[in-house]
Amino acid sequence: MPKSRIRKKADYTPPPSKQATAIKLNSRAWVAPVMLAMFLIGLAWIVVFYVTDGSLPLDALGNWNIVVGFGFIAAGFGVSTQWK
């Protein structure tokens with residue numbers, strides 16, 4: 001019986017290394033402080049309104065002060081979408 005031929009395997013060549021591309025990260029350091037400030041301003045606005053029985057922060061707004069407080073909180077959530 002004839003001997004089978006031995007197949008020569010190709011030498012292993014690792015795939016070419018990917019060149020490290022510089023990832024440009026935008027500086028978003030302002031997002032977290034602004035977001036937290038909006039949350040705290042909104043919370044403080046609502047708390048002050050309730051503690052002072054509606055005479056502060058703006059007496060002319062009446063119960064709309066609650067909407068203003070929640071508006072600051074909503075703006076904080078809007079700013080949070082910029083966080084990476």
Is [Y] reachable from [X] through a run of I, L, V, M, F, W or Y residues, each pair having side-chain heavy atoms under 4.5 Å apart?
X     : Y     : answer
Leu43 : Leu58 : no
Val67 : Val48 : no
Val47 : Leu36 : no
Ile73 : Leu40 : no
Trp83 : Phe72 : yes

| message | Using every non-hydrogen atom in the two residues, find where Ala75 and Met38 come nearest and quote the distance to one decimal. | response |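 Closest pair (atom of Ala75, atom of Met38, distance): CB-CE, 3.5 Å.
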
| request: Considering non-hydrogen atoms only, spot the tightest contact between Ser80 and Met35 and give its length. | output: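 Residues Ser80 and Met35, closest heavy atoms: CB-SD, 3.1 Å.
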
| request: Can you measure from CG (Leu61) to CG (Leu56) and round to the nearest 0.5 angstrom? | output: 12.0 Å

| query | Could you state the interatomic distance from CD1 (Ile46) to CD1 (Ile41), rounded to the nearest 0.5 Å? | reply | 12.5 Å

| query | If you draw a 6.0 Å radius around CH2 in Trp30, do more than 12 non-hydrogen atoms from other residues or ligands fall strictly inside? | reply |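 Count over threshold, so yes.
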
| Is any side-chain heavy atom of Phe70 less than 4.5 Å from a side-chain heavy atom of Trp45? | no

